[in-house]
Number of protein chains: 2
Amino acid sequence: MSARPRFREQFLQAREDAIVESVNRLLAEKGFEAMTVDEVVADVGIAKASLYKHFTSKEELAAAAMVRVLDRALEEVARLRGLELSAAARLQAVARWAYEQQMAGQMPALPSQNSTLRATLTGDKAYMDRLMQLSDDLGAWIVQAQGQGELNPALPPELVLYTLFARACDPVLGVMRASGAHTDAQIVDWLVATCFKGLAP
Amino acid sequence: MSARPRFREQFLQAREDAIVESVNRLLAEKGFEAMTVDEVVADVGIAKASLYKHFTSKEELAAAAMVRVLDRALEEVARLRGLELSAAARLQAVARWAYEQQMAGQMPALPSQNSTLRATLTGDKAYMDRLMQLSDDLGAWIVQAQGQGELNPALPPELVLYTLFARACDPVLGVMRASGAHTDAQIVDWLVATCFKGLAP
DNA sequence: GTCTATAAAGCGATAGAC
DNA sequence: GTCTATCGCTTTATAGAC
């Protein structure tokens, strides 16, 4: 009911975007447990109480960051849908995209064990909607690729899907980059190849 | 300089073993950050101050658990060396062993980001000795398998090694088991196959 | 060496003034 | 809505009696 709601809304939206972007980066850098709310507010340059007017808990911060990355993943999926590629080639492109995001420090990493975080995520409609949308999109490509003999049909589609999700946070990338012996592009190439063709020749 | 040192030593050794076994299980179950020292002492049935007479920090607890699992891995490697198998078959057997350990809740999971933990581990001679021994053993098999054309020679041996270490904590196993749709043995088979042959047919 | 009790510090979350 | 200041809880680690 304010006199000039749109200006105010835009300002608040921009601030929320800045918060989520910072959270995204910190989650990619140190993970959920190691990231503190104090770090986030210091990075954004606001007071902690102000942050808690936008997000009611640390878990909701992580959920917002996940919504952001899922939106970008869905954008990439939509872009790939417009290209003339086989289903397997599209899945490979998605995997490559995920590795490149991780290489750029843009892939938030969440612990799979934390129960309160899981509860917040599963209760977040925005997150669950996007997660299911992405799973459906990739699942269709997986089944299609298996039918075309480009993906092992003996593997359950869910296992392929979970494997792709897991490889998006593959710790091997960080270790290989830390060794400093190879270029980022070379590492990504190897990881994509290992994911789809394995370690065998 | 006690009057009956051997009895006392044996008792203390048994208590330390009980502590490390509990830590190993808790690390496999909830990870380093979520595991609290209070949980450990409650599980073992001793007072917290008593635990700190054996181990001077939570990080050292994790290091002791890692030494334990590395010892078991080295035992498995020694066992495999006695069998008539190709280098690639031995690596595959090691991967299978690691997945089975994880399935049994015996594979401790450490965060790769925690810096104080990393500092303790790299400063722990018992841990570093075993880690380097295992890396050398597996590295020899990797180079051998690549020379025999059973492993992709285009991949740097270090990438293969890190991949095997990473798959030992592969989160895909936990998600697949949670779905409850497949047997443990079937899941392990799929994961080993995916690791070496990839998602492609 | 083991215990009870407590110190010391970090962190998530909030109260209340503006 | 934003700020400062602080609460309340958890957790690691230790002091001191036995």
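Below, read A as the first sequence line, B as the second, and so on, with proteins coming before strands; counting in each chain starts at 1.
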Should Arg15(B) be listed as having a side-chain N or O under 4.0 Å from OP1 or OP2 of dG1(C)?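 So the side chain of Arg15(B) is outside the cut-off, no N or O lying under 4.0 Å from OP1 or OP2 of dG1(C).
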Verify the contact: side-chain N or O of His54(B) to OP1 or OP2 of dT2(C), cut-off strictly under 4.0 Å; return yes or no. yes
Apply the side-chain contact (heavy atoms from CB on, under 4.5 Å) test between Met107(A) and each candidate in Leu173(A), Asn24(A), Leu27(A), Val69(A); give the one that qualifies. Val69(A)
Report the distance from atom [atom1] of [X] to atom [atom2] of [N], rounded to the nearest whole Å.
X         : N       : atom1 : atom2 : value
Phe55(B)  : dG1(C)  : CZ    : C1'   : 14 Å
Leu51(B)  : dG1(C)  : CG    : C1'   : 13 Å
Glu39(B)  : dT11(D) : CD    : P     : 8 Å
Asn114(A) : dC11(C) : CG    : P     : 16 Å

Under 4.0 Å between a side-chain nitrogen and a carboxylate oxygen: does that hold for Asp137(A) and Arg90(A)?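 No, this pair does not count.
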Do Thr116(A) and Glu59(A) have side-chain N/O donor and acceptor atoms under 3.5 Å apart? yes
Gln13(B) versus Asp17(B), side-chain donor and acceptor atoms under 3.5 Å: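 Yes, side-chain donor-acceptor contact under 3.5 Å.
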Is there a side-chain hydrogen bond (donor to acceptor under 3.5 Å, both in side chains) between Arg72(A) and Gln101(A) once you walk through the steps? CA-CA 10 Å; Arg72(A) 285 188 285 126; Gln101(A) 292 293 308; 2.3 Å; yes
Please write out the pairs of protein N or O atoms and N or O atoms of nucleotides 12-18 of chain D separated by less than 3.5 Å, giving the distance to one decimal.
residue : atom : partner  : partner atom : Å
dT12(D) : OP1  : Lys58(B) : NZ           : 3.2
dT12(D) : OP2  : Val37(B) : N            : 3.1
dA13(D) : OP2  : Tyr52(B) : OH           : 2.7
dA13(D) : OP2  : Lys58(B) : N            : 3.0
dA13(D) : N6   : Lys48(B) : NZ           : 3.2

Using atom types as modelled and distance alone, determine if a side-chain donor or acceptor of Glu60(B) lies under 3.5 Å from a backbone N or O of Asp124(B). no
